[in-house]
Visitor: 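Take a look at this one; I'll ask things after.
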Amino acid sequence: MPSRSLGPNPWGQLVQSLVAFLKGLGAARLMAMVAVTTALIGFFAFVIMRVTTPQMTTLFTDLSFEDSSSIIKDLERQAIPFELRNEGAVIMVPKDKVTRLRMKLAEANLPKGGGVGYEIFDKSDALGTTSFVQNINHLRALEGELARTIRAIDRIQAARVHLVLPERPLFAREAPEPSASIVVRVRGSLEPQQIRAIRHVVASAVNGLKPQRVSIVDEAGRLLADGATKDPDIAVGDERRTAFEKRMRNEVEAIVSSVVGQGRARVQLTADFDYNKVTQTSDKFDPEGRVLRSTQTREESSASAGDGGQVTVNNELPGNQANSSTTARDQSKKSEETNNYEISRTTKTEVTEAGRVNRISVAVLVDGAYTKNEKGEMVYQDRSKEQLDRIATLVRSAIGFDQKRGDQVEVVNLRFAEAPTVPPVVEPTGLLGLLQFTKDDVMYVIELGVMMLLGLVVLFLVIRPLVKRILAAEVIPALAEPAPALIEGNGPNGELGPNQALIAGTSGTAQLIDVAQVQGQVHAQAVHRVGELAERNPNETASIVRQWLSEPAES
């Protein structure tokens with residue numbers, strides 16, 4: 001039985017064809033293809049990484065180095081991506097994990113807020129510790145806890161507390177008073193009530209410390225509260241006056257702005273306070289309200305003899321017998337009664353504390369009205385006297401106007417230097433309002449759209465022309481000989497098998513297409529060269545054309 005050969009491997013022929021194609025491109029085109037492919041892969045890798053990168057949001061801000069280090073260790077242990085900003089004071093994490101991370105870190109008591117608190121006693125060995133070290137640790141813990149509490153107040157970024165707790169000397173009757181000093185770093189400025197709150201919080205946490213013995217200084221060295229003052233009533237009075245003026249000014253400005261428009265009113269308010277403390281005691285007696293307290297009655301009786309009361313020598317001699325026949329000639333009787341009454345009495349003591357309002361003065365400046373004329377221009381118009389009187393009435397009601405104490409209210413209409421412009425508040429409507437997209441979500445969608453648009457522009461305007469130019473076939477001047485047979489038959493008489501016939505048919509068609517392309521390119525080059533010769537030698541070209549026209553046509 002004759003053996004049948006399988007012939008060459010089709011896959012090997014494809015590999016050989018690919019190698020021949022790459023060799024035909026040349027080194028320059030091959031390097032260009034590699035560069036374009038690398039750039040394309042890098043660009044789309046960047047786009048995919050940028051799109052798939054999770055959206056980062058703030059986990060914590062204003063962190064100390066100790067807290068930032070502890071939080072980073074915990075995030076690395078959980079394999080959670082993070083970013084550090086502002087020299088480690090701000091930590092960014094994926095937005096979808098921020099809530100769970102905050103609860104997880106709060107369970108681990110992070111962030112601690114910097115400093116040392118009562119956790120200093122968690123890992124300490126008290127067996128060999130002296131009382132001096134224990135007292136120092138207690139002082140450090142107390143200062144750290146107070147600093148954390150102060151940092152929880154709004155506008156305070158950082159705080160440092162120093163406590164002075166002197167010990168009572170031996171054989172001393174009075175112990176020295178403790179004191180405290182606080183240094184804070186704030187955003188903006190603190191309100192007077194916030195400063196007073198800090199002093200009272202620290203004084204309440206330390207035994208024997210008075211609020212007047214607490215000093216507060218900001219990061220710029222400005223003294224916010226003096227702990228060495230002996231009379232705190234003066235400072236408290238100024239704070240009360242400032243707070244009262246601010247509250248009343250805000251109320252007046254709010255009610256006037258609601259009438260004339262936001263930003264079109266200026267209000268100045270001054271209050272005169274009386275800081276004298278007055279104590280009055282008065283007694284009041286009611287004559288009609290008397291009550292019998294006690295009654296005393298006294299009666300007396302007396303009688304006189306009938307001798308007429310003569311005085312003689314015989315009557316005064318001893319042994320002289322008196323006349324027994326004398327009889328009483330006069331008798332008297334006396335009665336006396338004394339009544340004691342209690343009169344009702346009322347004692348009244350009045351204490352008037354410091355900080356009474358003696359007088360309030362208010363000055364209100366309002367802008368006029370602006371209307372559009374026929375040309376669409378804004379025209380200023382003064383407000384009527386009736387409207388100003390109504391505004392003044394509102395102001396008097398707002399401040400509790402009292403004419404007896406001399407309160408004054410002035411409302412004046414003047415044109416402002418610049419007409420205030422209030423930007424309109426645009427509420428989200430339509431699909432944006434329905435889905436409740438946040439600003440971050442909108443920016444993320446816009447970023448994705450820009451990245452996709454940029455990818456399409458690079459693909460169609462840069463990469464596609466480069467690929468076409470690289471894959472364009474080289475110009476072949478002429479075909480010297482027909483293409484050799486690439487496939488030989490393996491049949492009994494050299495005929496092609498089914499698979500070989502298919503490959504041969506495909507190769508033949510491809511060769512015909514290539515030959516047509518080459519012929520067309522050669523023809524185009526020939527026409528181009530003839531045109532160049534005609535442009536260079538116009539006279540010779542014209543004579544040749546005349547000669548062609550004069551020749552008889554061949555039958």
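As the structure is a prediction and not an experimental result, all values here were calculated from the model.
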Visitor: Return the set of residues passing salt bridge (charged side-chain N to carboxylate O under 4.0 Å, His left out) with Arg383 (not counting sequence neighbours), or none when no residue passes.
Guide: none
Visitor: With sequence neighbours excluded, what pairs up with Asp382 under the side chain to side chain donor-acceptor pair (under 3.5 Å) test?
Guide: Tyr380
Visitor: Report yes if some heavy atom in the side chain of Asp218 is under 4.5 Å from a heavy atom in the side chain of Leu223; otherwise report no.
Guide: no
Visitor: Under the side chain to side chain donor-acceptor pair (under 3.5 Å) rule, collect the residues that match up with Lys104, sequence neighbours excluded.
Guide: none
Visitor: Main chain of Tyr341, side chain of Arg293: is a donor-acceptor contact present, judged purely on distance under 3.5 Å?
Guide: no
Visitor: Can you establish whether the number of heavy atoms outside Arg102 located under 6.0 Å from its atom CZ is more than 12?
Guide: yes
Visitor: List for me each residue that meets side-chain contact (heavy atoms from CB on, under 4.5 Å) alongside Thr270, sequence neighbours excluded, and say none if there are none.
Guide: Glu245
Visitor: In a check of side-chain contact (heavy atoms from CB on, under 4.5 Å) between Ile153 and each of Val186, Leu190, Ile198, which one passes?
Guide: Ile198
Visitor: Checking side-chain polar atoms at under 3.5 Å, does Thr149 have a donor or acceptor matched by the opposite partner on Arg151?
Guide: no
Visitor: Under the rule for salt bridge (charged side-chain N to carboxylate O under 4.0 Å, His left out), what residues qualify as partners of Arg356, not counting sequence neighbours?
Guide: Asp274
Visitor: Taking 4.0 angstrom as the limit, do Arg148 and Glu145 come out as a salt bridge?
Guide: yes
Visitor: Please determine which of Val366, Asp367, Leu365 meets the side-chain contact (heavy atoms from CB on, under 4.5 Å) test together with Leu414.
Guide: Leu365
Visitor: Does any pair with a residue in residues 248-257 pass salt bridge (Lys or Arg N to Asp or Glu O under 4.0 Å), and if so which ones, sequence neighbours excluded?
Guide: Arg247-Glu251
Visitor: Is the count of non-hydrogen atoms from other residues, nucleotides or ligands lying under 6.0 Å from Phe285 atom CZ greater than 12?
Guide: yes
Visitor: Between atom CG of Leu163 and atom CG of Leu209, what is the distance when rounded to the nearest 0.5 Å?
Guide: 7.5 Å
Visitor: Only counting residues at least two apart or in another chain, list the ones meeting salt bridge (charged side-chain N to carboxylate O under 4.0 Å, His left out) with Lys375.
Guide: none
Visitor: With ring pair (Phe, Tyr, Trp, His ring centres under 6.0 Å) as the rule and sequence neighbours excluded, what pairs involving residues 160-183 come up?
Guide: none
Visitor: Just to verify, what does Asp96 make a salt bridge (charged side-chain N to carboxylate O under 4.0 Å, His left out) with, not counting sequence neighbours?
Guide: none
Visitor: Determine which pairs satisfy side-chain hydrogen bond (donor to acceptor under 3.5 Å, both in side chains) with at least one residue from residues 167-189, sequence neighbours left out, and list them in order.
Guide: Gln157-Arg185
Visitor: Which distance, rounded to the nearest 0.5 Å, do you find between the CG of Leu101 and the CG of Leu75?
Guide: 6.0 Å
Visitor: Holding to ring pair (Phe, Tyr, Trp, His ring centres under 6.0 Å), I want the full list of residues that pass it with Phe244, two or more places apart in sequence or in another chain.
Guide: Phe273
Visitor: Scan for side-chain hydrogen bond (donor to acceptor under 3.5 Å, both in side chains) pairs involving residues 404-414, sequence neighbours excluded, and state none if there are none.
Guide: Arg405-Asp407
